[in-house]
Amino acid sequence: MNNLTQIRNIGIAAHIDSGKTTLSERILYYTGRIHQIVEVRDKSGAGPTLDAMELEREKGITIQSAATYFKWKDYHVNLIDTPGHIDFTVEVERALRVLDGAILVLCGVAGVQSQTITVDRQIRRYNVPRLAFINKLDRSGSNPDKVIQQMREKLNLRPVMITMPIGLEENFTGVVDLLKMKAIYFEGENGEIVVEKEIPEDLIDEAEFRRLQIIETLADFDDQIAELFLSDMEVPTDLIINALRRTTISHLVTPVYCGSAKKNKGVQPLLDGVGMFLPNPSEREYEAFDLDNNEEKVRLECSPEKPFVGLAFKLEDGRYGQLTYMRIYQGKVRKGDMIYNVKSKKKIKVPRIVRMHAQEMSEIEEAFAGDIIAMFGVECYSGDTFTDGTVNYSLQSMYVPTPVIELSVAPKEKTTLNNFSKALNRFQKEDPTFQVYRDEETGETVIKGMGELHLEIYLERIRREYNCEVVVGQPKVAYRETITRRAEFNYTHKKQTGGAGQFARVAGYIEPIDGTEGKEYEFVDKIVGGVIPREFIPACDKGFQEQLKEGILVDQPIVNIRVVLNDGQTHPVDSSEMAFKLASKYALKEALQKAGPIILEPIMKLEVTAPEEFQGVIIGQINQRRGIIVDTRVDNGFVVVEAEVPLKEMFGYSSNLRGVTQGKGEFTMEFLRYAPVPKTVQDSIIEEHRKNKKS
C-alpha cells in the first residue's frame, strides 16, 4: 500500500467510559474486519477485539493501546484504541506521538470530563488534528448542544456539527448529514445498512440553520466562502468540504459527529469524516534532530526514496519474542534489511515485518513512509529511533509523566525469583512510567507507577503471565524535596593519605526556582579567571546532580533548585575531576541544611460523580482528606465534585466512597502538581522515615 494520500493513521481517545472501545468494535465490524460485535461487558467472558488481554475483559477497561488496520471505501486506515484510565496515560502519549489524526469521543450526557481535558492537552502536545464524536445520544439526559458548548468553554475548540441527531434519548433514530442535507438511518441487525432519506419536515429548519453555522464558522478562514455568505449566495458543498479539511488539519476547527456506538448509529458518517477531514501522512510536518550537526532540526519527508527513519513507540512481549511497533516517517524498510538503532549504536537485521490486527498479525515484505507496522526480533526500548545508517537522526521521544506512587514487592517463593525479575525487566522496557529500583538501605525491590490501579494491574500480570505469587508492602507516596531560600557554600575537599592526594575548592550559592516549566535543576557557571579549569566544570555539575538524587529530609530527589558556581581553587598536582565532583557533592549537602529544606507531595486532581443525595457526605469525606473543593455541579440528578487532594490521603478511597454512596459513586484521579506539605504533616513524614530507617 503505497498511495500516501489514501492512508490515515488515527487514534481514538477519551475520558474513561465514554465508549471508545465500543466505537472501535463497531468500526471494525462495519469495515469487515470482524464479523460479530462483542460488547465491553459481555457476560460470556469474550471481550471486544481490541481488548485482547484477559484482565481487560474482566475489568471492562482498556489497559494497553491496541493497533489494527482496515479499509473504508478508498482509504487504508491504521487505528489505535487507547486507554481512558489516567493510570495508563503513557499509552495515550505513545499513540498520539505517532498518529496523524485523532477521534475525541465525548459522552453525550457527561460531556467534557476531567480526563477529556487531559486527553485534549495530549492531543495538542503532539499537534494532532482531531474530529469529535458525541456518543451515547440514546441515553437519558443526553444533550449534544451542551457538549458542544463545553467544548468551546473548557477545551477552547471551535466545534462545527457535521451530523445532527434525529430525536434524542429513546427517540434517537438516526442523524442528518448537514453536508449532503440528507437524513441517514442505520438499518439491519447491527446498523450495517446505511439508508439515505429526505430530512423529516419538522427538522428542515434546524438542519438549514446548523448548515449555516458551518458556513459562518468557515467564513472566518476562507475568503471565497465569506464572499458567498455575505452575498447570501449558495455555498457549494465541495467548497465547504475543502475548507473544512484545511481548517481541521491546521487546528482551526473541529468537525463534530453525533451518534450512539452501542446502538449502532452514526458510526459510518464518522468514518467518512476520517477520510474527508483528517490528514494523510504527507500533510503532517515531522522533524528530527541531526546528531551529526549539533542536533539541528531537519524536516523529514514522507517519501520512500529518502533514507529510512522510524520510531519504536511500543513494545510487547508476544508468543514469538519481543514485538516492536514502529512508525515509519521517511524511506522504506524490507524484510532482511539492516537497520541501525541510533541510541544503542547497534545494527539489527529485520527478520519479520507484520501488520497488526489486535492479537492477529499478517506478514508483509516491505513497509513505506507513513506506515505503522510491527517487527519481531528487534531489541530496543520504547522511544528508540531507527535509521538505515546513512543518517544520524534522532526523533523526539514521547513525554513521560513522573510516577507518583511506589510499592515494595518480593516474590513469595525463592524459586520464582527468576520469573519475577524477568517480569519486572519486561514491564520496565514496555512502559516508561513503570519504574523499578532497589532500596539500598532496606534491600527491597520497589516499583513505581502512576496510581494504585497501574501497579495493581502489573502485579496481577506477574501472577498470571509469570506464574509468580508476589508479597506486596504498603503503598508509599513518591515525595520530592526542595529549598525555600538562598544559601551560600564554600567547601574545600582535601585528602592527603599515601599516593596521589585530592584537592578541590568550590564556592557559590543555591537558590529556589519555579519548576513550572519542567526545569527542576539549573546549573550556572560563573567561574572567571580560570580559578577552576574548564575541564573540571562538568565534574562539578555531575557532583551537584548526584547529591540532588538524595535529599536531606527523607532521602527523596531535590527539585526546583539553581546552583551557581562562582569561585574555587585548584592544586597543580592534586586536583582532578574526581576531587571536584566530590567537593561539589559535599558542598551542596552542606548548603542544603541552611536553605530551608521542605518536603513536596503529589497533589491529585479528583473528580467524583454520584447521585445528588450523597453530595454532603462526599464533600465531608474530601475535607477530611485535606482536600480542597474546586467545583461542584449538579447534572441530571448526579453531583460532580472536582477537588485537589494530596495523594497520601487517597489510599483506600475507592472502598470508602462505595461505602458512603451505596456503591453508586465513581471517581477519577490524576496527578496535578507537587506542593509543599503542611508543617505538622512534614514532621510526621520525617519521623516515619527515621523509624523505617532504624528498623
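Everything quoted here is computed from the prediction, not taken from an experiment.
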* Does Phe221 have Arg246 sitting over its ring (NZ/CZ under 6.0 Å from centre, angle to axis within 45°)? -> no
* Specify whether His454 and Phe434 have parallel, tilted or perpendicular ring planes, treating 30° as the upper limit for parallel and 60° as the lower limit for perpendicular. => perpendicular
* Would you say the side-chain atoms of Arg245 pair up with the backbone N or O of Leu278, donor to acceptor, closer than 3.5 Å? -> yes
* N/O donor-acceptor pair under 3.5 Å between Gln322 side chain and Val378 backbone -> yes
* Asked: Does Asp371 use its side chain to pair, donor to acceptor, with the backbone of Phe368 at less than 3.5 Å?
  -> yes
* Asked: Will you find, in the side chains of Tyr399 and Gln122, an N or O donor that is under 3.5 Å from an N or O acceptor?
  -> no
* Asked: Got Glu283 and Cys302 here, is their nearest side-chain heavy-atom distance under 4.5 Å?
  -> no
* Is the NZ or CZ atom of Arg327 positioned over Tyr329's six-membered ring, under 6.0 angstrom from the centre and within 45° of the axis? -> yes
* Taking all non-hydrogen atoms of both residues, which atom of Phe536 and which atom of Glu577 are closest, and how far apart? -> CE2-N, 3.5 Å
* Residue pair Ile405 / Leu647, side-chain heavy-atom distance below 4.5 Å -> yes
* Salt-bridge criterion met for Arg534 and Asp525 (N-O under 4.0 Å) -> yes
* Have Gln545 and Ser584 got a donor and an acceptor in their side chains that come within less than 3.5 Å? -> no
* Asked: OG1 of Thr433 to CG of Asp431: how many Å apart, nearest 0.5 Å?
  -> 3.5 Å
* Asked: Can we say Arg158 and Asp220 salt-bridge, meaning some charged N sits less than 4.0 Å from an Asp/Glu carboxylate O?
  -> yes
* Asked: With distance as the sole test, does Asn425 use its side chain to make a donor-acceptor pair with the main-chain N or O of Lys422 at under 3.5 Å?
  -> no
* Asked: Got Ile80 and Phe313 here, is their nearest side-chain heavy-atom distance under 4.5 Å?
  -> yes
* Asked: Between Glu366 and Lys332, is there a side-chain N and carboxylate O pair less than 4.0 Å apart?
  -> no
* Below 4.0 angstrom, N of the basic side chain to O of the carboxylate: do Lys605 and Glu644 qualify? -> no
* **Arg94 and Glu91 ion-paired at < 4.0 Å** => yes
* Go through Glu379 and Lys346 one step at a time and tell me if the salt bridge (charged side-chain N to carboxylate O under 4.0 Å, His left out) criterion holds. => CA-CA 9 Å; Glu379 261 308 297; Lys346 281 184 185 158; over 6 Å; no
* Structure fact -> d(Leu4 CG, Asn280 CG) to nearest 0.5 Å is 6.0 Å
* Can you name the closest pair of heavy atoms from Ile364 and Ala367 and give their distance? -> CD1-CB, 4.3 Å
* Strictly by modelled atom types, are Asp100 and Tyr126 linked by a side-chain donor-acceptor pair under 3.5 Å? -> no
* Asked: Roughly how far apart are Asn78 CG and Ile10 CD1, rounded to 0.5 Å?
  -> 9.5 Å
* **Validation row: His251, Asn127 side chains within 4.5 angstrom (heavy atoms)** => yes
* Asked: Roughly how far, to the nearest 0.5 Å, is CD of Gln435 from NZ of Lys448?
  -> 6.0 Å
* **Pair Glu430 + Arg426, salt bridge at N-O below 4.0 Å** => yes
* Let me see the working for Val446 and Val409 under side-chain contact (heavy atoms from CB on, under 4.5 Å), right down to the final yes or no. => CA-CA 6 Å; Val446 179; Val409 288; over 6 Å; no
* Side chains of Thr118 and Glu670: donor-acceptor distance under 3.5 Å anywhere? -> yes
* Asked: Taking all atoms of both residues into account, what is the closest heavy-atom pair of Tyr674 and Ala478, and its distance?
  -> OH-O, 2.7 Å
* Asked: Tyr381 ring centre to Lys429 NZ or CZ under 6.0 Å, with the angle to the axis within 45°?
  -> yes
* Go through Arg480 and Glu601 one step at a time and tell me if the salt bridge (charged side-chain N to carboxylate O under 4.0 Å, His left out) criterion holds. => CA-CA 6 Å; Arg480 295 280 180 272; Glu601 65 179 342; over 6 Å; no
* **Any donor-acceptor pair under 3.5 Å from Glu481 side chain to Ile599 backbone** => no
* **Salt bridge flag under 4.0 Å for residues Lys306 and Glu301** => yes
* To do: Measure from the side-chain N and O atoms of Asn135 to the backbone N and O of Ser18, and report whether any donor-acceptor pair falls under 3.5 Å.
  => yes
* Asked: Is the distance between the ring centroids of Phe427 and Tyr458 less than 6.0 Å?
  -> yes
* Tell me, with the steps shown, if Glu546 and Lys585 meet salt bridge (charged side-chain N to carboxylate O under 4.0 Å, His left out). => CA-CA 7 Å; Glu546 219 165 88; Lys585 192 176 171 180; 3.7 Å; yes
* Take atom CG in Asn294; do more than 12 heavy atoms of anything else shown fall under 6.0 Å from it? -> no
* Asked: With side chains defined as the heavy atoms from C-beta onward, is the minimum distance between Ile328 and Phe386 less than 4.5 Å?
  -> no
* Asked: With distance as the sole test, does Gln6 use its side chain to make a donor-acceptor pair with the main-chain N or O of Tyr75 at under 3.5 Å?
  -> no
* To do: With Arg33 as the cation and Tyr69 as the aromatic partner, state whether NZ or CZ is under 6.0 Å from the six-membered ring centre and within 45° of the axis.
  => yes
* Rounded to the nearest 0.5 Å, what's the gap from CG on Leu104 to NZ on Lys20? Could you check? => 10.0 Å
* Asked: Taking atom CZ of Phe308 and atom OG1 of Thr387, what is their separation to the nearest 0.5 Å?
  -> 8.0 Å
* **Side-chain heavy atoms of Val298 within contact of Tyr393, under 4.5 Å** => yes
* Asked: Among Leu99, Thr248, Asp120, whose side chain to side chain contact (heavy atoms under 4.5 Å, CB included) with Arg130 holds?
  -> Asp120
